[in-house]
Amino acid sequence: MDYTPTPTIVPAAPFDASSDAQTLRAAMNGLGTDEEAIINLLTARSNAQRQQLKAQFETEFGRDLVDDLKSELGGQFEDVIVALMTPPVEYLCKQLHEAMAGMGTDEETLVEILCTKTNEEMYEIVAAYEAKYDRPLAEQMCSETSGFFRRLLTLIVTGVRDPVGSVDAAKALEDAEALYNAGETKLGTDEEVFNRIMSHSSFAQLRLIFDGYKELSGQTIEQAIKHEMDGALHDAMIAIVECVQSPAAFFANRLYKSMNGAGTNDAALIRIIVSRSEIDLGTIKDEFERIYNRTLYSAVVGETSGDYKNALTALLGGA
């Protein structure tokens, strides 16, 4: 499968951190706040440029840019801007931490972040998480989850997945048969076999395994998972399958779910739009329109308002 990730946010060229710092200081100085100026500037810079801007702001004014922004903004709009100002890996670590804090666990967020990452991305998250919270991610996750779901996430977090692009056609057929034997051909399900294959194989290898599974069994791996599993483990397995087939479609579906029905899951909406803006948000927009026959822009406009809406639509890069 050829996957062409198209971002909506690219580095500004030319870029002048000092000029940008002056613009933001002026937007927040005196009576009132120029929210439009803040949106226009920060949504037109890459995260790396925003980090340079933050450092320059402190150098020129002796002030913390994020603290100043927080003091001037509020609500979901503030959440978007603070997310934009946070280094990407640190931002995902904060999202994971919040998903496990307090009563209950937000399993959907754990699945969305952990099941969609390559081993290389996972290493970065694990290192950053322990540095920030002084506790291993795997340890905290184990205390918040259970059963085969916990086992699958633990395997992913401990970095057992093969490197990006690793493929072995003969092994793919073996694993397809192993999945078939662990599910459809027996009474009950051998979840350990599913966990092992889904957590160890590269996404490219999983694509071969899923093709082999369909040839062998006559049904898709999604159909098998729906028959064999439920709950959080089912959701995690389906997330991996969807990301193997099309990351953009997976995130398009997540965005639709965040806005569908009563109320809006603002945390998920913000997280996906911000975290994918420099990766493949353009591709996600195309998939959203293909799947749901409406633009992501129009969906966001229908669910949000004010500066919050303006910040998200700016990140989308227009209709």
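Donor-acceptor pairing under 3.5 Å is recorded for the side chains of Asp106 and Thr109. Using modelled atom types, one finds a donor on one side chain and an acceptor on the other under 3.5 Å when comparing Gln245 with Glu222.
Within 6.0 Å of CG on Asp230 lie no more than 12 heavy atoms contributed by other residues, nucleotides or ligands. Atom CD of Glu36 has 12 or fewer neighbouring heavy atoms from other residues, nucleotides or ligands inside a 6.0 Å radius. The local environment of CZ in Arg151 is sparse, with at most 12 non-hydrogen atoms from other residues, nucleotides or ligands closer than 6.0 Å.
Looking at Thr43, its side chain never comes within 3.5 Å of a backbone N or O of Leu315 through a donor-acceptor pair. Between the side chain of Asp20 and the backbone N or O of Phe15, no donor-acceptor pair lies under 3.5 Å. Between the Thr264 side chain and the Met259 main chain, no donor and acceptor come within less than 3.5 Å of each other. Judged purely by atom type and a 3.5 angstrom limit, Arg207 uses its side chain to pair as donor or acceptor with the backbone of Val244. Panel note: side chain Glu90, backbone Ala128; no donor-acceptor pair is recorded below 3.5 Å. Side chain of Gln51 to main chain of Met85: a donor-acceptor pair is present (N/O by atom type, distance under 3.5 Å, no hydrogens or angles). Looking only at distances, no side-chain donor or acceptor of Arg45 sits under 3.5 Å from a matching main-chain atom of Ala12. Of the possible donor and acceptor atoms, one in the side chain of Ser202 sits under 3.5 Å from a partner among the backbone N and O of Ser166. Using a distance-only test at 3.5 Å, with no hydrogens or angles considered, a donor-acceptor pair links the side chain of Asn47 to the main chain of Leu84. Although no hydrogens or angles enter the test, the distance criterion places a donor-acceptor pair under 3.5 Å between the side chain of Arg161 and the main chain of Met198.
At a threshold of 4.0 Å, the pair Lys117-Glu124 does not count as salt-bridged, since none of the basic side-chain nitrogens sits closer than that to a carboxylate oxygen. Between Arg271 and Glu112 there is a salt bridge, with a side-chain nitrogen of the basic residue lying less than 4.0 Å from a carboxylate oxygen of the acidic one. A salt bridge links Asp175 to Lys171: one of the charged nitrogens lies within less than 4.0 Å of a carboxylate oxygen. With salt bridges taken as basic N to acidic carboxylate O contacts below 4.0 Å, none links Arg25 and Glu60.
Interatomic distance, Leu312 CG to Asp307 CG, rounded to the nearest 0.5 Å: 11.0 Å. Taking CD from Glu287 and CD1 from Ile284, the interatomic distance works out to 9.5 Å, rounded to the nearest 0.5 Å. Separation of atoms CG (Leu114) and CG (Leu155) is listed at 12.0 Å; rounding is to 0.5 Å. Between the CZ atom of Arg63 and the CG atom of Leu24 there is a distance of 12.5 Å, given to the nearest 0.5 Å. Leu69 CG to Glu78 CD: the interatomic distance, rounded to the nearest 0.5 Å, is 9.0 Å. Distance CG/Leu296 to CZ/Phe251: 13.0 Å, rounded to 0.5 Å.
Taking both residues in full, the closest heavy atoms of Ala252 and Phe288 are given as O-CD1, 3.6 Å, listed atom of the first, atom of the second, then distance. Closest non-hydrogen pair, Ile209 versus Ala176, comes out as O-CB, 3.6 Å. Summarising the geometry of Ala44 relative to Asn40, their closest heavy-atom pair is CB-O, 3.4 Å, with the distance given to 0.1 Å. Closest approach of Ser143 to Arg135, counting heavy atoms only: OG-NH2, 3.6 Å. Annotation for Leu153 and Cys115: closest pair CD2-SG, 3.9 Å, computed over non-hydrogen atoms. Of all non-hydrogen atoms in Ala83 and Tyr91, the two that sit nearest each other are CB-CE1, 3.5 Å.
Proximity of Leu137 to Met122: side-chain heavy atoms (C-beta onward) are separated by under 4.5 Å at one or more points. A 4.5 Å side-chain heavy-atom check between Val241 and Thr220 finds every atom pair outside the cut-off. Residues Leu96 and Leu110 form a side-chain contact, since some pair of their non-hydrogen atoms from C-beta on lies under 4.5 Å apart. A 4.5 Å side-chain heavy-atom check between Lys54 and Asp64 finds at least one atom pair inside the cut-off. Counting heavy atoms from C-beta outward, Leu281 and Leu316 have side chains that approach closer than 4.5 Å. Between Thr154 and Thr145, every side-chain heavy-atom pair lies at or beyond the 4.5 Å cut-off. Annotation: side chain of Val193 is in contact with side chain of Ile197 (closest heavy-atom distance under 4.5 Å). Tyr256 places none of its side-chain heavy atoms less than 4.5 Å from the side chain of Ile291.
Under the 4.5 Å side-chain heavy-atom criterion for grouping Ile, Leu, Val, Met, Phe, Trp and Tyr, Ile279 is not connected to Ile273 through any hydrophobic cluster. Residue Phe203 is grouped with residue Met237 when hydrophobic side chains (ILVMFWY) are merged at heavy-atom distances under 4.5 angstrom, including chains of intermediate members. There is no path of hydrophobic side-chain contacts, each under 4.5 Å, that joins Leu208 to Leu216. The cluster map of Ile, Leu, Val, Met, Phe, Trp and Tyr, joined by side-chain heavy atoms under 4.5 Å apart, puts Val66 and Leu42 in the same cluster. The same ILVMFWY cluster, assembled from side-chain heavy atoms under 4.5 Å apart, contains both Leu41 and Ile9.
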- Message: The test is side-chain contact (heavy atoms from CB on, under 4.5 Å); show your working for Gln76 and Thr304 and say whether it passes.
- Response: CA-CA 9 Å; Gln76 277 95 24; Thr304 59; over 6 Å; no

- Task: Could you please spell out the steps behind the side-chain contact (heavy atoms from CB on, under 4.5 Å) verdict for Leu65 and Met28?
- Result: CA-CA 10 Å; Leu65 175 55; Met28 295 184 283; 3.8 Å; yes

- Assess whether side-chain contact (heavy atoms from CB on, under 4.5 Å) is satisfied between Leu152 and Phe194, documenting all intermediate values. CA-CA 9 Å; Leu152 176 63; Phe194 276 82; over 6 Å; no

- Could you walk me through whether Lys94 and Tyr133 pass side-chain contact (heavy atoms from CB on, under 4.5 Å), step by step? CA-CA 9 Å; Lys94 285 174 69 176; Tyr133 298 107; 3.4 Å; yes

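Note: His97 and Tyr129 have tilted aromatic rings, judged against thresholds of 30 and 60 degrees for the angle between ring planes.
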